[in-house]
Amino acid sequence: MCLDASGSLNFKPVNDKYGHDVGDKLLVEAALRMQNCVRDVDTVARVGGDEFMVLLGQMDGSSEAAGEVASSIGKNLLDALSVPYALTLAGSKAGAGVVSHCCTASIGVAIFCKDQFSADDIISCADAAMYRAKRGGGSRVELAA
């Protein structure tokens with residue numbers, strides 16, 4: 001199962017306003033929050049910019065059951081990513097020069113069985129679902145059709 005989570009970390013404006021060190025802190029914190037929402041056997045990877053991919057493995061049961069699990073994990077990801085980030089500005093002492101930053105996410109989910117589709121096909125399905133989530137106003141999880 002592939003969850004494609006993207007944007008609205010507002011990564012570029014953070015980099016532009018506060019510098020790359022602070023932007024990197026935002027990416028690291030977002031990745032840690034995502035990692036805390038999945039199991040040890042799952043994978044969280046940054047694809048580029050503020051786009052991440054979450055691979056959920058070792059899912060048993062029907063496609064419907066896997067969809068329910070993915071939707072639940074997706075909701076947990078949305079909740080975790082939406083908590084404001086406290087980012088310490090470069091050169092500031094702890095607690096001084098901290099900015100609060102808010103983010104949203106759009107998540108697309110593609111469910112597949114082993115060897116059913118190519119990796120490119122799976123990513124394309126998850127991407128299409130993610131863009132549907134974005135068009136739907138963001139902060140939502142969409143399953144690939």
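Keep in mind that the numbers below use all heavy atoms, side chains included, and drop hydrogens, waters and symmetry copies.
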What is the distance from atom [atom1] of [X] to atom [atom2] of [Y], rounded to the nearest 0.5 Å?
{"X": "Y18", "Y": "H101", "atom1": "OH", "atom2": "NE2", "value": "9.0 Å"}
{"X": "R33", "Y": "D79", "atom1": "CZ", "atom2": "CG", "value": "11.5 Å"}
{"X": "L143", "Y": "E68", "atom1": "CG", "atom2": "CD", "value": "10.0 Å"}
{"X": "E29", "Y": "M34", "atom1": "CD", "atom2": "CE", "value": "10.0 Å"}
{"X": "D50", "Y": "L27", "atom1": "CG", "atom2": "CG", "value": "7.5 Å"}
{"X": "R135", "Y": "S106", "atom1": "CZ", "atom2": "OG", "value": "10.5 Å"}

Within the 4.5 Å heavy-atom criterion, are [X] and [Y] side-chain neighbours or not?
{"X": "C103", "Y": "Y85", "answer": "yes"}
{"X": "L77", "Y": "I73", "answer": "yes"}
{"X": "L26", "Y": "L87", "answer": "yes"}
{"X": "E142", "Y": "I107", "answer": "no"}
{"X": "D127", "Y": "E51", "answer": "yes"}

All salt bridge (charged side-chain N to carboxylate O under 4.0 Å, His left out) counterparts of R39, not counting sequence neighbours |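 Partners of R39 by the salt bridge (charged side-chain N to carboxylate O under 4.0 Å, His left out) criterion, ordered by chain and then number, come out as D42.
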Could I get the full list of salt bridge (charged side-chain N to carboxylate O under 4.0 Å, His left out) partners for D40, not counting sequence neighbours?
->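 Not a single residue meets the salt bridge (charged side-chain N to carboxylate O under 4.0 Å, His left out) criterion with D40.
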Can a donor-acceptor pair be found between the side chains of D121 and S124 at a distance below 3.5 Å?
->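 No.
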For the student: nearest non-hydrogen atoms of [X] and [Y], plus distance:
{"X": "P84", "Y": "S100", "value": "CB-OG, 3.6 Å"}
{"X": "A70", "Y": "V109", "value": "CB-CG1, 3.6 Å"}
{"X": "A110", "Y": "A144", "value": "CA-CB, 4.1 Å"}
{"X": "A80", "Y": "C37", "value": "CB-SG, 3.7 Å"}
{"X": "L81", "Y": "A105", "value": "CD1-CB, 3.8 Å"}

Intermediate values then yes/no, side chain to side chain contact (heavy atoms under 4.5 Å, CB included), T43 and V54 | CA-CA 6 Å; T43 301; V54 178; over 6 Å; no
Linking Ile, Leu, Val, Met, Phe, Trp and Tyr by side-chain heavy atoms under 4.5 Å, what else ends up with L32?
->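 Its cluster mates, by chain and number, are V28.
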For Q116, look at atom CD and say whether over 12 heavy atoms of other residues, nucleotides or ligands are found less than 6.0 Å away.
->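 Above 12, so yes.
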Run the salt bridge (Lys or Arg N to Asp or Glu O under 4.0 Å) check on K25 and D21 step by step: do they pass?
-> CA-CA 6 Å; K25 290 175 187 176; D21 288 344; over 6 Å; no
Using atom types as modelled and distance alone, determine if a side-chain donor or acceptor of R46 lies under 3.5 Å from a backbone N or O of M53.
->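 Judged by distance alone, no pair lies under 3.5 Å.
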